[in-house]
Structures are given as structure tokens and as C-alpha cells.
Amino acid sequence: MNYPEYKQPLNYGQVGTDILAWWKQNGIFEKSVSTRDGQPTFVFYEGPPSANGAPGIHHVMARTVKDIFCRYQTLLGKQVSRKGGWDTHGLPIELQVEKELGITKEDIGKKISIEDYNQRCRETVMRFKAQWDDLTEKMGYWVDLDDPYITFEPEYIESCWALLKKLYDKGLLYKGYTIQPYSPAAGTGLSSHELNQPGTYRDVKDTTIVAQFKVQRDEKSEKLFAAAEQVSRRPNGGAIYILAWTTTPWTLPANTALAVGKNIVYYLVDTVNPYTKEEISVVVAKALFEKYFVHALEGKESEYVSSTGESKGELPLVDKKGRITKWFVAGEFTGSDLIGIRYERLFGHDKGFPAFEGEERAFRVINGDFVTTEDGTGIVHISPTFGADDFRAAALADVPALLVADDEGKLGPIVDRTGRYVTQMGEFGGRWVKNYDGHDQSGADYKTLDESIAIRMKGDGTAFKVEKYEHTYPHCWRTDKPVLYYPLDSWFIKTTAVKDRLIELNKTINWQPASTGSGRFGNWLENLVDWNLSRSRYWGTPLPIWRTQDGSEEICIGSIEELSAEIDKAVAAEIMTHNPYRKVDGNWVMADGSAEESTKKIDLHRPYVDDIFLVSPSGQAMYRETDLIDVWFDSGAMPYAQWHYPLENGEKFKQNFPADFIAEGVDQTRGWFFTLHALGVMLEDSVAYKNVMANGLVLDKNGNKMSKRLGNAIDPFSTISQYGPDATRWYMIANAQPWDNLKFDLAGITEVQRRFFGTLFNTYSFYALYANLDGFQAREFDRVPHSDLGELDRWILSKLQSLILEVRGYYDAYDPTKAARAIQDFVTDQLSNWHVRLSRRRFWKGELTQDKKAAYETLQECLVVVAQLMAPIAPFFAEWLYQNMTGGMREEAVAKSTPLAPESIHLTLLVEANETRIDKALEERMELAQRISSLTHSLRKKSVLKVRQPLQRILVPVLNDTTREQVGKVEDLICAEVNVKHVEFLDDTSGVLVKSVKPNFKRLGQQYGPKLKVVGARIQQMTAEEISTLEKTGQLAVEIEGETYTLAPDDVEIRTDDLPGWLVATDGPLTVALDVTLTEELRQEGVARELVNRLQNLRKDSGLEVQDKIRVTLGQQPELEAAVQSFGSYIREEIQALALDFAPEISGGSVLEFDEYNVPVQLEVANG
RNA sequence: GGGCUUGUAGCUCAGGUGGUUAGAGCGCUACACUGAUAAUGUAGAGGUCCCUGGUUCGAGUCCAGGCAGGCCCA
């Protein structure tokens, strides 16, 4: 059987489609799993993509990474099942549907029923599934597409419910609130999407207040008082206030904390209150100090002082910009110094405002990482009920919110849902926060709530500065009224309860890159807040919690069975008329009356579950909490829900938890990576994955984000069909580490294609061409024993073993880039450009000798192993190469059950390195040969002596026997490569070596430190005698600046980079000289070689096959005849000529031109 | 504003634990080679290693502070 031969250039796209078809036809993917039955498993989780958009080139990147390690583990013999999955819920799908229908959220339930709306979402979400499946196949991503998990399916949702119930039973699920944009006029919360509508942000003029918060004197604040008293004119008297600015004065009565930046610098300023003229000290950020204070006398001329220094009148306390002129900086503190200080409540009980729970923990200075010195005072007033930052900072610092009880005793913020202060708010009770009811504001003495508060504070001496200020503020797109940031009910998972465990277990996860795990993810865990599960939407997993109206009783449902049973109770209590989820005789009854054994057709989405009412133990009706849950819960639940666990498949779940490996984009860190981890820890007290790779973004070639709008997006389908999946994958992996961003440039794929795949293909073609000519077929047995192989073969096989070790190591360490680069360097630099190049003659010369057989077998082994090593990254080409290389061996391999028995490379077991074949000394001397050859080429170039002209010798100075021995063993290779007769060594005894020394700075530095400079300079001046002394006696004493230093041989590097009278080239410690003397014989041989070259070209130009024999007649020429006389048999052999003659007259032939010759020639094919 | 990350030749990237003359591939220029030929070899041009300070005898590498790009979060 022949090795298949292909035309140049190979169509890599075609290789992809051909191999893909073959895989499908032979079920190779399935076999790659089934043939590993009973073997240890490698568990991989597929992060579900959403099929509501077309896949992009970045998906090829992400999925290549996943595929590589699954394939690699399969090659190691592990069983790697890969269940695909689809993420189907969530806002992007809702938005897409709304856009297509031309509706808004407002219209749901009005213009379109929830039922129809959700039906539409269900259809939309899988719209691009076919394209995704197509890409999955074409790029060679092996994942099970036939039985994927789908997050909208009833069994999946049911699993989510079961998990939620588990969390509920552990007390980890609770109802609280979050701060969200809220429109009191419309009575509804607004999504960030609604807030991003054009026109919602408008310029408004508000009353703003810099409020004074009076510091309590205690241990924490003593340093402030001490500083104030040291400089104050009011010893032991002055009050200290912290200044905080707000554009929403109505939130001040709800203040419970003040936030500072840890590293921000603050001034303590001795000054006066501009309204009450009270002498006080205030705290304000240094960077904002000049906003509030000005030196009245600054500048040569001002409105108050003339250039001659005369006063133009009495200094005002406040200048025209409202800055205070009377001040003295009494101290400087950082935010850290201030944290923990207590202050007095602004609107306390004494002023008629209500007490609240946890008050003793309130009114403290806390840290806020959001605090800036852009505007205000560098200190932020915190009211946890009216700001998201406020809420979070307060929660982290354990500061309570100011909540008051309504008539029913239910706690709420000081503003009700219509936008009015609650009645308990003293003099301001019942006032509108903003004008939400459209009341008349035109009256002369009309005051807004903000203004009333400002007036009151001026009187109290707690307002430092009140002014109108224009800024942008979001407005409700429906009512045009300003939005409030307002606490809205939400369900939470108490992740903070397991925070320490989350952190602890995270440390056991192998993150690639490690910095994402310790940095981005680690920090996120350190600053963890509870997971807000609630979403006020329609298309998603419904929260399975039913509650009584007053919230006193509730139930969390964990399965459809349970729900059905509860409904039966409700029916019995006449709360429900019938049970839509009822089971009769073991079958589920559908809406149309049909019976189903499974729950697969039951729809648990809204609106159906909304129509379910349950009965509480006390007989009250219970209503479903209308929220949906965060879609991230869906995807984080996939380790369980993909098996419908915990409702069934307990064994299967156990076998597949946790994952050995997952990979997604780094943007998933707080998404999927977190939800997997959180659920894993809370439900199983375990990590959910052991190894995780967070890959970077795919940018365009200029480093910009790809987008359809900019037109710089790369189409994955055309890229794969044009360049082939392998080159595309290889480029993406080899070009940059997966976790770095990739600047995607199609030119890079072309380069990979040419340089790597082209070279590998050429190497294969070369092998196939000659093996077929010789009728050679490699076998797994009956090979030339390793001990009989020549240097060159043993060398490349040694390199090959080293490569196996290296590449396995990189794959094991989840570093595919280094694996790809190592394979690439081996193929191009070592295998092709050295081993094959130097072995060429072995392949085309003569009969199938043992050496020729060895050449074939060595190359065959290299190619097969390379195919295996590259298979995870370039699965199609590797398969192609494997099939071509081993097709002829299969029958015997199958019969004898050898490593090459599998029909596909992806079913083989990755070869183990045979370390006994690694010969470091051999690798080293081959490198010497490569470098010496390179130097010799360089010398030829300088002397204008082409390689075809043989030369007598090169001279290599050697300073030790090892080098001499090493180079000696590769002398033949060097001679052949650079066309010289032999290598001559020059050692010390020759007496012609000129040595020089170079200081060994590393060693000298450690030894002499600051003296290194002079010592180094002295070493560079060493004489030949001194060098010789150092070498012979092992030490040398030198005197520098009156001090004596004793040098050891290790302190210097001795080299010979000059041979007097010779042209030399050096590369580090290596030096080569070339003898350029030309003898008559060398000249003749040169001519003979030229002749061979021209005749070979002529053969080729005449279209002869490699194996054709010829007869040649040359025009008479004395020097040529002399050359042919001496080298005739060599020439005839090279050009496969049966005859080589001279004739006085040549007619009808061509003319060979070389050097100074013009020779007529006639060439004819000799039959037979 | 915070966290993480990147910055080295025209482009893409290497450069353990500090060591003086910073490398590779591609691209460019020139020459050579040629039964692998859209391959290969040699040589050349091309660098303030983002900037500023610091530590050190010595910094691309370590420290501090900036600048610029990216991602995530606010």
C-alpha cells in the first residue's frame, strides 16, 4: 500500500471537511468516549452559550481551549464525556423579543399576554442553534450535541427549584431589599436598561447642602480634638464637624453613616460657620479645601486689598464665590484615621424624629471605596435606604438603615412608595420628596422639602453651605419625574454566611492564570455581599416561593410532585378550583386532557405558576412571589440540573462532580465561575471545579474590540473554510497565551499555515514520495534497532523524546501555548530544517539499505508522534497525518493489537517518552554542529565562496577535550553540510591560539560587590601570560589600587576569538576559521558539482521523473573534461546518467552556463 | 474611583532566582543555495525595553509613583 501523495499546496479547508465527514461516518467522537469505558474519568463542564445570536470568532477561541484539554485527557486514556448545554433565559432574549415586536416591558400583559410573550422568547432563544451546531462541528469542537441540557426545560427548572429548596431549608434564602431605581409616580422599579434610554438623564437645579455632622469626643476622635486645641483660640471648647455634601437633602434625615476614602487626605480646619458665625472646626478633603476656603489677602491685588497692600474695606467672612476667608488648618489626617469616629445624629429624637432599630451601631465614619475628591467634601453622607453604594458600604461596615414601622408594624424607609415622607418624620411628615403629585409650586412662600430642610439646618447650625446646583439626574421615561433610588423587595442567597469557606476552597482551585483566582476572583470573594436572586421579569426560572399576604407564612416548593400535592390541599381548601399539575394513576394530566408519564411537557414558566395559589397551615391563601431568579443561578446549577439531580441520577451526579476542568472567558469571573463555586460550596461543601482557565478577549488586529457595527468582526465560518480549522486553532493558541487578549490577524493564520503546516506537509510529502518510490512501508516491528542508528537519527529521536516530555508537561500545566510552540519549533527547526535536510541524500540514493531504512523509520516515528502531540490543538490535520502515515500498518496493528491499532488518532494512547533514548551529550554536540555550520556559511559568504565549491578544511580552536570529542563525533555532518573535506582542531599545543578573557560578572559581583568595576576592567586587560598562569595554576594574583586580588578560573570566561592570519567567525565561545586555499583538485570537484547542478536543473526543466535514467553528451571543453575525468562516476551517479560523453558537435541541445563556461549539451532518456 | 491585566524591533511574541553586547518569527534589503522549491541559508537595516524616581557595583528584570490600552466592578 502506498503513502498517499498530494499536490502542493494542500487545501487545509478540504482536509477539515474530509476528516469531519469521516469522523461522522465512523462515529469517532462517540468511540473516543465509549472506548474509554471503565477508565478513570476526566470531568468537564460545558458553560452553556446562548443561541439567540450568531457565534463569533471569539467562540472559536474559547471552545478551542476547552477542546484541547478534553482531547488531551482522552489521549491519556481517560474517559471524557462532554454534555453540551444551552443557556436560554435572561434579559438579552427578552430585549430581543421586545425589539422585534416593537413593544416595551410596559406592554407585557396588555398588548401581549405573558403566555405569548414567553412563547416568543422560547422560539427566539434557539434561533441560531443550527449555526452554533454547524460551527461546533466545523471547528472540531467535540461536545455532545445530541443530548444537551437546556435551561428552560421543566426538568432543568425543577432541579433549580430543588436546589433552591435545599438552600431554603439551610436558611440561606431570605427576603430583604436592594436599592434600585424606582419611579414613585409610576409605582414601579426601573431596569438599568430602562435607565439607559435616551433622554432619561436631564439637567436639573437642586438645592444642595454641605451638612455638618458633629463629632463625638471619645478615644477614636481624641486626635482630632487634640489637634484642634493645639492651635485653636478656643481651648477645650470648639466643636468639630465633619462636612458632607449632598444633592438630595431629603435623604439627610435618613443618614446613618459617613464614608471616607482610606487613602484620601483630610484637613482639620479651624473656622466659623457662615450662617451662625459660631467658631468651629471642620473636616474636609485636602484636595477640595480650596473650594470652601480662600485666603483673603492672597494675590497682589484683589477686591479687598490694593496692590500697595491697603485694605479696601473690611474683610468679609465669605467672598463672592462663597468661600470662607477666616480659617486655619489645624491638622492633617487620612481617611483611615477617621474611620470609626462617631458623630451625632442630624435629626435626632430631640427634634421629633423616630428612633430605629440598631441605632447604637449607626452614626459612624466608615470606609467607602467609591469616595472621590472630584466634588463635594471628600466625605459622603450615607443613607442605606436611598443609595446602592450607601447600602453596600453600610452592609460591609454593619451600619443599620433607618427604618420606621408603618401602621401594620412593617418596617420601611422614611419615604413611602408614592414618594412622601412617612408621618413619623416630625415636622416634615407627609411632605413630598419631589413633586410627584403635580401640586402647585407657584406660591411665593412655597418651599420644597429640600428647601425646608436647608432652612431648618441653617437655623440649627448644621448647614455649612447651601446653594443651588445644576447637575444631571435620571428621570422616569414614562412620567418624566425624577427617579428615586429606593429599597425594593428582593430575595437573597446568603452567600456571606459561607464567605470564609468560599475563600478557603478557592485556594485549592488551580486557576489559569493564577492571578485571576487570587486577584479578580479572590477580591470579589473578600468583598462578598449576598447574592441578589430576584429579577422582575417574565422569561426565566420562577422563584418557587409562595407566601401569605402578610408574609407571616410561606413555603418553598422543591419539585413538581410537591407542588401538585400542595395544590391538592389548596383545592380541598377551595382556594383553587382545580389542579393544573395533577397526577392520575401515575400519569401527569396535561391541559388538553392527555396523559404523560414524564414531566417533560409541563410548563413551569410564568404565567402558569402565577395562577397557582396554595394554602398555608393556618388556612390562608398563599401567592407566589412574582420574581424570577437570576439566570446565573441557572448556569451555576448545571452540575446538578444537567442530570435532573437531586430528583434523580444521584450516582451519575456523584461521578461527575466536581469538574476536573472548565474554561470560559475572563468576563465570567463574577458570573459563571462564581455561581458554580457558590452553589458547590453551599450545596456540597466542595469546589465545583478543580482547574479553571479564564481566557482573554479576541480583539481585531489593531487591538480594538470586534463589533458588527464597526465592521471589524471576523466571520468564523469563512475563516475556517478558507484557512482550515487547524491553522485557525493553531494560530489562536500559539500566538498568545489564552488568558492574554488576542489581536486577531488573518495574516497570522497564513503565517502559521506556511511556516508550520506547510513545513510539516512538505516533510510528509518528501517521506511519501521516496517511500513510494522504494516501495517502502514502515512497520511497527522489524525495525532497525535503535543501537544501530546513526548519530543523526539517534539525535532527532532523542529530541523527540525530550519533546514528548516537554509537551506533556505543558498540557498537564494547562499551558497549551507553550505546547504548540514547542511542537512547532521541533518540526520546523529540528526535524525539517536539520534532520531531513541533512538526510536528503539518504532517501534518494541507491537501494533500500539499512541506513535508508533507518532514515525512513526515524522520520516515520517522528511524524506519527508529532501527529499525536499536535492532535489536541489541530485535530483534523493530525488525523490526516496519522491516517496517511499509518494506514498501511493498520491491518497488522489491529491483528496484533498494537498502539497503532485504532482507526483514529483520537482513539490512540499518547506515547510515553522513552527516556533512555534521551542523550543530552548528543543533543549538545548536534547543536555544536549546527552552530559551526552556521559560522562556516557565514565565512564562505564573506570570502565569496559558494557552498558548491569544496574546500579543504575548517579550523576549530578547542580549549578542552570534551568539546573536541563532541565536535569530532559530528565532523562528518558538518563536512557534508558546509562542503569541506575535514575539521581540524587547534588546541593549546598548536601554539597559535590567541586567548581572551571576559569577566564573569555574576560571580565577581557576588564576591567583590562595589569593587567589581575596577576588577572587571583589570581582567579585560589580562595578558596572555596571565591567562596562561591562571589556567595552569588555577589562580592569579593581581594588584589593583594597592590591593591584591586572587582570581580563580571561574571568575573569568576564557575564549579564543582570534586566529592570527585567518578569517574567523565567532558565536559565544565557539570560533571557526575557514581555509580558503583552492587546489586544482578542489577546483575540479567544484566544476563537477556545478555540472551536476546544471544537469539536474536540465532534467527537471525537461520534465523528467526522479527515477528516469539519462544519457548526456557535452560539448568539448578541456577543463570540463579534466573534471569529468576525475569525478565522472560521481557525476553520473548524481544525475542518474548511464553515459556521460563529450562530442565536438552538439546539435539541437541546450547550453549550460556556469562560472565562465558555456557548454552545449544534449540529454536523452535512456529507456529501461 | 477600585480590582485584575498588558506595555520589549514596522508587526506578533520570548526574555527562571538582577550580570554589563536584549532575542526569535514575520516583514524589508542584498547575496547565495536549489530532485522538499510559494521551501532554505548568510548578511544587513530596524530598540530612549511606556515615563519618572528609588534600591544596587550593576535594572528590561526589584520597589514607589505616574502614563496609555483592555476587562470586570462601581
Side-chain angles (χ1 to χ4, degrees), chain A residues 8-9 261-264 368-374 388-389 392 513 515-524 526-527 665-671 694 696-697 699 701-705 731 734-737 739-743 745 747-748 750-752 754-756 758-759 761-767 769-770 817-818 821 824-825 828-829 832-833 836-837 840-841 843-844 933-942 944-948 977-978 998-1006 1008-1016 1065 1092-1093 1096-1097 1099-1100 1104-1108 1134-1136:
Chain A
Q8 184 93 253
K262 264 186 197 164
N263 302 317
I264 297 175
D369 53 19
F370 50 86
V371 179
T372 71
T373 52
E374 297 274 300
D389 275 338
R392 205 171 50 85
S515 60
T516 300
S518 57
R520 186 179 286 203
F521 195 67
N523 290 336
W524 164 249
E526 294 288 347
N527 292 308
V666 68
D667 53 339
Q668 298 283 344
T669 307
R670 292 173 183 194
L697 270 69
L699 308 169
K701 63 178 170 184
N702 300 318
N704 299 313
K705 229 176 148 168
Y731 163 70
N735 193 60
Q737 310 260 38
W739 44 88
D740 287 333
N741 290 347
L742 173 67
K743 289 184 196 163
D745 188 357
T750 316
E751 190 182 323
V752 159
R754 256 212 348 260
R755 180 147 183 81
F756 175 59
T759 305
F761 169 69
N762 274 339
T763 306
Y764 167 73
S765 299
F766 179 85
Y767 174 88
L769 173 69
Y770 290 105
T817 302
K818 286 196 171 145
R821 287 177 180 170
Q824 192 169 296
D825 289 348
T828 57
D829 297 347
S832 168
N833 205 20
V836 174
R837 197 152 59 85
R840 262 163 24 206
R841 304 182 65 81
F843 289 95
W844 79 60
S933 299
S934 173
L935 289 171
T936 310
H937 280 303
S938 157
L939 287 170
R940 277 182 173 275
K941 157 87 180 158
K942 275 188 199 137
V944 200
L945 283 163
K946 39 179 120 177
V947 180
R948 229 178 268 129
E977 171 64 10
V978 301
K998 196 182 145 219
N1000 180 348
F1001 286 102
K1002 192 164 183 169
R1003 215 183 119 85
L1004 291 169
Q1006 285 158 1
Y1008 298 113
K1011 299 283 171 72
L1012 174 126
K1013 258 185 189 146
V1014 285
V1015 176
V1092 167
N1093 167 247
Q1096 293 285 34
N1097 287 346
R1099 276 185 63 121
K1100 218 160 93 179
L1104 300 188
E1105 295 297 323
V1106 176
Q1107 64 272 29
D1108 287 333
E1134 286 296 309
I1135 63 171
Q1136 306 198 57

Exercise for review: May I have the distance from A:Asp829 (atom CG) to B:G41 (atom P), rounded to whole angstrom?
Suggested key: 8 Å
Exercise for review: To the nearest Å, give me how far apart NE2 (A:His937) and P (B:G44) are.
Suggested key: 16 Å
Review point. Of all residues at least two apart in sequence or in a different chain, which pass the salt bridge (Lys or Arg N to Asp or Glu O under 4.0 Å) check with A:Arg841?
Key: A:Glu1134
Review point. Would you find a donor on one side and an acceptor on the other, under 3.5 Å apart, between the side chain of A:Tyr731 and the backbone of A:Asp745?
Key: yes
Practice item. Provide the Watson-Crick or G-U wobble partner of B:C62, both distances under 3.5 Å; none if there is no partner. Key: B:G54
Exercise for review: Find the distance A:Lys1002:NZ to B:U56:P and express it as a whole number of Å.
Suggested key: 20 Å
Review point. Which listed nucleotide (B:C71, B:C72, B:U40) is nearest to the side chain of A:Arg837?
Key: B:U40
Check your understanding: Contact class for A:Arg755 vs. all strands (heavy atom < 4.0 Å): base, sugar-phosphate, or nothing?
Key -> sugar-phosphate
Check your understanding: Under 4.0 Å between a side-chain N/O of A:Arg840 and OP1 or OP2 of B:A39, yes or no?
Key -> no
Check your understanding: What distance separates A:Thr828 OG1 from A:Asn762 CG, expressed to the nearest 0.5 Å?
Key -> 12.5 Å
**Study point:** Under 3.5 Å on both distances, the Watson-Crick or G-U partner of B:U17
**Key:** none
**Study point:** Minimum-distance nucleotide to A:Val836 side chain [options: B:A36, B:A39, B:C71]
**Key:** B:A36
Exercise for review: Quote, to the nearest angstrom, the P distance that separates B:G3 from B:C49.
Suggested key: 28 Å
Exercise for review: Please state the C1' separation for the pair B:A30 and B:A64 - nearest whole angstrom.
Suggested key: 48 Å
Review point. Just checking A:Asn762: base, sugar-phosphate only, or nothing, at a heavy-atom cut-off of under 4.0 Å?
Key: base
Review point. Between A:Thr669 and B:C72, does any side-chain N or O lie under 4.0 Å from OP1 or OP2?
Key: no
Practice item. Could you measure between the two P atoms, the one in B:G66 and the one in B:G27, and give it in whole Å? Key: 42 Å
Exercise for review: Do nucleotides 9-14 of chain B as a string where each nucleotide becomes B, S or -: B if the base has a protein heavy atom under 4.0 Å, S if just the sugar-phosphate does, - if no protein is that close.
Suggested key: ---SSS
Check your understanding: A:Asn527 near the nucleic acid: base, sugar-phosphate alone, or nothing, with a heavy-atom cut-off under 4.0 Å?
Key -> nothing
Check your understanding: Are A:Val836 and A:Phe766 close enough that some pair of their side-chain heavy atoms sits under 4.5 Å apart?
Key -> yes
Review point. With distance as the sole test, does A:Arg940 use its side chain to make a donor-acceptor pair with the main-chain N or O of A:Thr936 at under 3.5 Å?
Key: no
Study note, to complete from the structure: Assert: residue with more 5' nearest nucleotide on RNA chain B, out of A:Asp667 and A:Val371, is A:Val371
**Study point:** A:Asn741 side chain vs A:Gly696 backbone, donor-acceptor pair below 3.5 Å
**Key:** no
Practice item. Determine the interatomic distance between P on B:U8 and the same-named atom on B:G60; round to the nearest Å. Key: 15 Å
Review point. Are the side chain of A:Arg754 and the backbone of A:Thr759 linked by a donor-acceptor contact shorter than 3.5 Å?
Key: no
Point to revise | B:G46 and B:A36, which share atom name C1', separated by this distance in whole Å | key: 32 Å
Exercise for review: Answer with base, sugar-phosphate or nothing: what part of the nucleic acid does A:Ser938 contact at a heavy-atom distance below 4.0 Å?
Suggested key: sugar-phosphate
Study note, to complete from the structure: From CD of A:Glu977 across to C1' of B:G41 the rounded distance in Å is 8 Å
Review point. Does a nitrogen or oxygen in the side chain of A:Arg940 sit under 4.0 Å from OP1 or OP2 of B:A32?
Key: no
Practice item. Using a heavy-atom cut-off of under 4.0 Å over every strand shown, decide if A:Lys946 touches base, sugar-phosphate, or nothing. Key: sugar-phosphate
Point to revise | B:A38 versus B:A45 - spacing of their C1' atoms, nearest Å | key: 25 Å
Review point. To the nearest 0.5 Å, how far apart are CG in A:Asp667 and CZ in A:Arg520?
Key: 8.5 Å
Check your understanding: Residues two or more places apart in sequence or in another chain: which of them pass salt bridge (Lys or Arg N to Asp or Glu O under 4.0 Å) with A:Asp829?
Key -> A:Arg755
Practice item. Give a yes or no on whether a donor-acceptor pair under 3.5 Å exists between the nucleobase atoms of B:A36, that is its base, and the side chain of A:Ser832. Key: yes
Check your understanding: What's the CZ-P distance between A:Arg520 and B:C4, to the nearest Å?
Key -> 10 Å
Review point. Separation of A:Asn833 atom CG from B:G25 atom C1', in whole Å?
Key: 13 Å
Practice item. To the nearest 0.5 Å, tell me how far A:Lys743 NZ sits from A:Leu697 CG. Key: 13.0 Å
Check your understanding: Base, sugar-phosphate alone, or nothing: which one does A:Ser765 contact when heavy atoms must sit under 4.0 Å apart?
Key -> nothing
Check your understanding: According to the Watson-Crick and G-U wobble definitions, with both distances under 3.5 Å, which nucleotide is paired to B:C71?
Key -> B:G3
Exercise for review: Whole angstrom is fine here: how far is it from CD in A:Glu526 over to C1' in B:C73?
Suggested key: 16 Å
Review point. Can you find a side chain N or O atom of A:Asn523 that sits less than 4.0 Å from OP1 or OP2 on B:G2?
Key: no
Practice item. May I ask which nucleotide in the shown strands pairs with B:U42, Watson-Crick or G-U wobble, both distances under 3.5 Å? Key: B:A30
Point to revise | Interatomic distance at C1', B:U17 relative to B:A59, whole Å | key: 15 Å
**Study point:** Below 4.0 Å: OP1/OP2 of B:A36 and any side-chain N or O of A:Tyr770
**Key:** yes
Review point. Roughly how far apart, to the nearest Å, are B:G16 and B:C63 at atom P?
Key: 14 Å
Revision key, fill the gap. Using Watson-Crick geometry (N1-N3 plus N6-O4 or O6-N4) or G-U wobble (N1-O2, O6-N3), each under 3.5 Å, B:G25 is paired with B:C11
**Study point:** Atom pair distance, as rounded to whole Å: CZ in A:Phe843 and P in B:A36
**Key:** 11 Å
